[in-house]
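Notes follow the structure.
Every chain is numbered from 1, with letters handed out A, B, ... down the list of sequences. Because the structure is a prediction, the values reported are computed rather than measured.
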Amino acid sequence: MKTRHLRHIGTEAQREPHRHIYLVPLCASCLCASIFRRRISTFMRASQLLIPTLREVPADAEVVSHRLLVRAGFIRKAAAGVYNLLPLALRVVKKIEAIVREEMDRQGGQELVMPIIQPAELWQESGRWDVYGPELFRLQDRHGRDFCLGPTHEEIITDLVRNEVKSYRQLPLLLYQIQNKYRDERRPRFGLLRGREFIMKDLYSFDRDQAGLDISYQKMFFAYSRVFERCGLRFRPVEADSGAIGGKDTHEFIVFAEAGESTIVFCNHCDFAANVERAFSPPERFGVDEEPAPLREVATPGRRTVAEVTAFLGVDAKRLIKTLLFETEQGVVAALVRGDRDVNEIKLQKELGVLRCELADSATVEKVSGAGPGFAGPVGLAGVKIAADLEIMQMTNAVTGANKDDAHLVNVNPGRDFQPDLVADLRLVKAGDACPGCAHPLSATQGIEVGQIFKLGDKYSKVLGATYLDESGQARPVIMGCYGIGITRTMAAAVEQNHDENGIIWPFSIAPFHVVVVPVSDRDEKQMEMAQKTYASLLAAGIEVVLDDRPERPGVKFKDADLIGYPLRITVGKQAVRSGELEVKKRAGGETTFVPAEKIVSYVREIIEGALAG
RNA sequence: CGGGAUGUGGCGCAGCUUGGCCAGCGCGCUUGCCUUGGGAGCAAGAGGACGGGGGUUCAAAUCCCCCCAUCCCGACCA
């Protein structure tokens, strides 16, 4: 195709808006000489980009990131928990992925791609076909063979490694992919924060031994910290529970945000931080120096709750033993915690080794304890397993339900009056509890889990038979770790953390574009020409820029620029034409600077480079 | 999965209780005029058969039944 001069493209194009004018490459003497060399296939003109912004808030969007990503034209829903990523969102995703790749590669990670569709056999081999439950998307091929859509890839990668890695000489190995993942969430919600289809980076480490795993784990811990720092997020790594994936040591990377579904507790005096699911706080000693008194029953008509009982009897809640009945597949279990504590159901479930653990309904409570809810107690409670929190065994002369309506027992002494089947840490830690490290009171906050790293050990290599031969020719299971980052979730988390009432405020590092050039009046030839030139020179300098050439009134363009969240906005109005100075406004903070047109490229470049370096 | 709610042009909603005029409004969209520093104005248009199915009725968006979808609230997730 022959190159054409289009010196005055601005006004020509407005009057004659045929698509081909935009697509014709421009010659070196006028606008964008280097476009072909830069392999930019289309011009970044707002009039031609698919950025469907919405004035009104979609009715089904609740959290900020969901609302803004939909309104600003980044995502559209295809089904519950399943989204289209429109061009702007894809650009952000690619930026995050690029950062992730750099940090994984820096640690020696090798990228590969594994299948989304996975054969059931592998999952049956690992035992997770049954364990994973309804969250696993299952499907069959035409022959009736079972498959699932991968929610994670331990089975596949372990299968790969057991077939291809035979010698200690091939270890350690860090393999990762960035791939769609599928989890049929019981309740998809919050837009990209909890979808059923999402993009995730998952890396798997393979080492000879525990010491090697420790090194791989450290590498990933470091890499993850760098990734989220570079994404411009305020976050914290916290000790976590390992959940269904299994394993021992594990940390979650939590981005602080109100909308987050994770609660973490942390210490302001030392570096302790943990997910409440897993947090431990040392048992408090209370009333230990008392002499055990004789057991006695007292009438407590209608006093069911801890608050009612303590008020009625005039005792501290710390003196109560709260008895909660849970239904599990192994029958009903009574969990005992102090009156002012709550049960951590995850801990309970783990200690019991059960898959299902739900608070029993009142009918079950009545059947088991012989009394309505509020009057159950461990003394004389027959036929159910009793699990007591650590603090319980230190209590003296406690108060419990009497297993009959309108009565409690006082001077209950664990060990004397009842014997638990299990004593363990069952308590849900909350703000104010003592830090396990330094005993100062803990703080609590909400956050979004954007990454998690696990030490798996030989859990998968053993069942799937992934072994290598060591120097002495001995077969040993490879020692594994796995490390995930939710890419799309990270994008949403970034919006949760970086927005104001007008829209998104992208950090430079993951912004879809760095600059938008806005001519105030698309009918003013001088403005349009200046805007075109500014845009073209920025583009030629390799800067990620959009020209808002839509025939809209200025207010509309400003509102959209704020909503979409371009870090920099260059406005070309009457003053600019008159003075030759362009207005550059920072989205974050709103600071405005006037820059001579001929210096705009270096000025913008400096800001961007400064932001990306920092 | 339990509890609550909603499905009416692209988006946001009214209409439904007390069935009945051709199913309305705002935004967006198209065309024209006009306007151009924070989502302007005027005029003329296009676009839905009311989530799906069944039923009641002379007549159903409105009443009844079933199903589906979506959203919100609660309980082992990147």
Mind listing the N/O atom pairs, protein and nucleotides 5-11 of chain B, below 3.5 Å?
from	atom 1	to	atom 2	distance (Å)
B:C11	O2	A:E56	OE2	3.4

Can you pull every protein N or O that's under 3.5 Å from an N or O on nucleotides 42-53 of chain B?
none

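Minimum atom distance to the side chain of A:R194 is reached by B:C77, of the listed B:A78, B:G39, B:C77. Here the nucleotide nearest the side chain of A:R186, chosen from B:C77, B:G39, B:A75, is B:A75. The side chain of A:A80 approaches B:U70 more closely than any other nucleotide in the set B:C72, B:A40, B:U70.
Contacts with RNA chain B (heavy atom under 4.0 Å) in residues 62-77 of chain A: A:E62, A:R71, A:K77, listed by number. Of the residues in residues 578-593 of chain A, those lying under 4.0 Å from RNA chain B by heavy-atom distance are A:E583, A:K585.
Legend: side chain to side chain donor-acceptor pair (under 3.5 Å) pairs involving residues 574-588 of chain A, not counting sequence neighbours, sorted by first then second residue: A:D500-A:R587. For residues 225-238 of chain A, the pairs satisfying salt bridge (charged side-chain N to carboxylate O under 4.0 Å, His left out) are A:E102-A:R230, A:E103-A:R226, A:E103-A:R230, with sequence neighbours left out.
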Indicate every side-chain donor-acceptor pair of residues 50-63 of chain A with a distance under 3.5 Å to a residue at least two apart or in another chain.
from	atom 1	to	atom 2	distance (Å)
A:T53	OG1	A:D560	OD1	3.2
A:T53	OG1	A:D560	OD2	3.2
A:D60	OD2	A:K77	NZ	2.9

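Side-chain atoms of A:Q349 come within donor-acceptor range of the base of B:C76, with a qualifying N/O pair under 3.5 Å.
A:T158 pairs by the side chain to side chain donor-acceptor pair (under 3.5 Å) definition with nothing, not counting sequence neighbours. Residues passing the side chain to side chain donor-acceptor pair (under 3.5 Å) test with A:R553, sequence neighbours excluded: none. By the side-chain contact (heavy atoms from CB on, under 4.5 Å) test, A:D425 is found to be paired with A:F280, A:K347, A:D389, A:L390, A:R427, residues two or more places apart in sequence or in another chain being considered. Remark: A:I116 engages A:L149, A:Q179, A:N180, A:Y182 in a side-chain contact (heavy atoms from CB on, under 4.5 Å) (not counting sequence neighbours).
Looking at heavy-atom distances under 4.0 Å, A:V450 makes contact with sugar-phosphate atoms alone, never a base.
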Just to be sure I follow the notation: if a pair is Watson-Crick (purine N1 to pyrimidine N3 plus N6-O4 or O6-N4) or a G-U wobble (N1-O2 and O6-N3), each under 3.5 Å, what dot-bracket string does RNA chain B give, with | for pairs to another strand?
(((((((..((((......[...)))).(((((.......))))).....(((((..]....))))))))))))....

